[in-house]
J.: 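One structure, as structure tokens, below. Some questions next.
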Amino acid sequence: MDNFTVARVLDEIAHYIQLSETTPFKSRAFERAARSVEKLEQDVNALVASHKLLDTPGIGKGIGPVIEELVKSGKSSYLEELRAQYPPGIFDLLRVPNLGLKKIGVLYERLAITSIDELERAAKDNLVAALPGFGAKTQQKILQGIEFARKRESQFLLPAGLEVGELVREQLAAIEEIEDAEVAGSVRRRLEVIRNVNIVIATRAPERVIAQLSRIVADVEVIDETTVKGIARSEVPVVFHLAYPDQFGLAVLRATGTREFAEAFEAKAGRDLAARNEEQLFEKAGIAFVEPELRENADELKRKKRPKLIHPSDLRGTFHVHTTYSDGRNSVAEMLAAARDRGFDYCGISDHSPAAYYAGGLPKERVKEQQADIARESKKLAPLRVFRGTEADILPDGTMDYGDDLDMFDFVVASIHSRFQMTEDEMTERILTALDDPRVTILGHLTGRRLLTRNGYLVNYDRIFDKCAERGVLMEINGNPQRLDLDWRHLRKAASRGVMFVINPDAHSVREMSHVISGTWVARKGGIGAKEIFNTRGVDEVAEWLEKRATKV
DNA sequence: GCCGTTTTCGGCCCGACTGTTTTCAGTCG
């Protein structure tokens, strides 16, 4: 059993404890132990074998045996006991905003509520308002929260759509009558939030294909001779569009959308639209190929010159990478190796600053340890060039966390992690003040949004774009699929005002280094090319730029 | 439950916000 699995079990136990315990300390102890196990340098199995488990901070006589049992038998009787006390799916209630484990615990104890549907009924029957710690307003908020959660239920982040699309396409390949299949729709357009996955199938035997689709998706529903719906992975709606091979190009174009784009295309194109693929279709129509990402409306068909969009292989390095020094899951060495394995020439490490207490922000002394670690590890990974940075909080008054100590860093990502509900004016002033700090290199995730979870804070985009351009501060395109912030809808405007972008993964693990790819989706969708992205530049140019900026201070 | 030590219990615990309270609890980042 690996360290992360052990940590997940401890976290689950902590969750259950919170449901029943009145004080937070016991559950926090389990959470602390989980974090401790995650950050272990060595394998937890080895630690148990050598009887050194109890030397680990946060693991004592209570939690130690839990881990030991887990490692030896693969299960935890304590967790199983807890699971047996509550209905499965009790944590599903966490999807209702402002509903935490304490309140869920009360709802279950007093009203035996185990699901969102039951909660809605109880709130409508006015039973929730009477509970201790609840009231009329909380009850009202719960009902609103349920509505919010339901609306989200039918939406998915793009990576989920891409995964389902690929999976289904692979399964379709096994059906003999299918000559070709392509993922279309909003997934192909790389829209950040999707409702379904559209897949176009080329076949000469549509009936025989339709008869076999139930092997791939559930709840098959035949809409007409060419359209079939189903559900993949028991939650994601899939729409199949069937076409004869010589009509495949047009079918892909139509299913990719948007409708506005497809209609404008067909109006512009000739009458004979038979084509085996989209490239052929565009060629036949005498229209320059429009990348799917740019088809949200018909504007691109009016352009004379095609923009050259950025490609992931244009990226030479990246910034905004977290490590175990703050809230990352992997060590400095592991993150740097991941950057090298990606073929990068440089990588910027940036852990949190002290104001981000909940994320384990680093005090000055810890920064020194981290930088010594970076110095050691970067030697081993040469020629990879490592930049020592920070993701420092923009404090509520617009000053930067670390203050003058920002001099310790090669680069500074300035981000907001607190006081989200300021007015637009206040928030804009706060950010503008930070941008005037000459040590700030990059403005991190501009709006702090979490897709499908919470809206971003309010800002005046134009004023911030102008200030970034004026001060030469790079604007981050945060590639975390939950953020994708700055939004692609703002990129062209920002670029036209002279803003330079940087695509960052905001990686908290080796796996999340791939967020640089999702970052390029945003840039492409915004119509941005390599020239406008700072980290397409070579390592020498980047190093020189950073140094020049630092000495200007 | 863990930790530390004024050695066996008491403290752990950031800060804003909201709503429930009438001084605090729950949630969130």
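The shown structure was predicted, so the numbers you read here are calculated from the model rather than taken from an experiment. Each chain gets a letter, A, B and so on, in the order its sequence line appears, and its residues count up from 1.
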J.: Hey, are A:Asp117 and A:Ser115 close enough side-chain-wise for a donor-acceptor pair under 3.5 Å?
T.: no
J.: Among B:dG1, B:dG29, B:dG19, find the nucleotide with the atom closest to the side chain of A:Thr138.
T.: B:dG19
J.: May A:Phe134 be described as stacking on the base of B:dT20, applying a 5.5 Å centroid limit and a 30° limit on plane angle?
T.: no
J.: If you only use heavy atoms from C-beta on, which nucleotide in B:dG1, B:dG29, B:dG19 is closest to the side chain of A:Lys141?
T.: B:dG19
J.: Using a heavy-atom cut-off of 4.0 Å across all strands, would you classify A:Leu101 as base, sugar-phosphate, or nothing?
T.: sugar-phosphate
J.: Do any side-chain nitrogens or oxygens of A:Ser27 fall under 4.0 Å of OP1 or OP2 in B:dG1?
T.: no
J.: Taking only side-chain N and O atoms of A:Arg454, does any of them lie within less than 4.0 angstrom of OP1 or OP2 on B:dG29?
T.: yes
J.: If you check every side-chain atom of A:Arg32, which of B:dC28, B:dC2, B:dT20 has the closest atom?
T.: B:dC2
J.: Is it true that the NZ or CZ of A:Arg152 lies under 6.0 Å from the centre of A:Phe148's six-membered ring and within 45 degrees of the ring axis?
T.: yes
J.: What is the base-pairing partner of B:dT27, counting Watson-Crick and G-U wobble geometry with both distances under 3.5 Å?
T.: B:dA16
J.: Using the P atoms only, state how far B:dC17 lies from B:dC2, rounded to an integer number of Å.
T.: 35 Å
J.: Examine B:dG1: is either OP1 or OP2 under 4.0 Å from a nitrogen or oxygen in the side chain of A:Lys26? Give yes or no.
T.: yes
J.: Under 4.0 angstrom, heavy atoms only, what part of the nucleic acid is A:Ser418 near: base, sugar-phosphate, or nothing?
T.: nothing
J.: Between B:dG19, B:dG1, B:dC14, which nucleotide has the shortest distance from any of its atoms to the side chain of A:Phe25?
T.: B:dG1
J.: The side chain of A:Phe30 lies closest to which of these nucleotides: B:dT18, B:dG29, B:dG1?
T.: B:dG1
J.: Report yes if a side-chain nitrogen or oxygen of A:Arg419 is closer than 4.0 Å to either non-bridging phosphate oxygen (OP1 or OP2) of B:dC17; otherwise report no.
T.: yes
J.: Base, sugar-phosphate alone, or nothing: which one does A:Pro132 contact when heavy atoms must sit under 4.0 Å apart?
T.: nothing
J.: Think A:Lys61 has a side-chain N or O under 4.0 angstrom from the OP1 or OP2 of B:dC2?
T.: no
J.: If you look at every strand shown and take non-hydrogen atoms under 4.0 Å, does A:Ala14 touch a base, only sugar-phosphate, or nothing?
T.: nothing
J.: Could you measure between the two P atoms, the one in B:dT5 and the one in B:dC13, and give it in whole Å?
T.: 15 Å
J.: Using atom C1' of each nucleotide, how far apart are B:dT21 and B:dC14 to the nearest Å?
T.: 23 Å
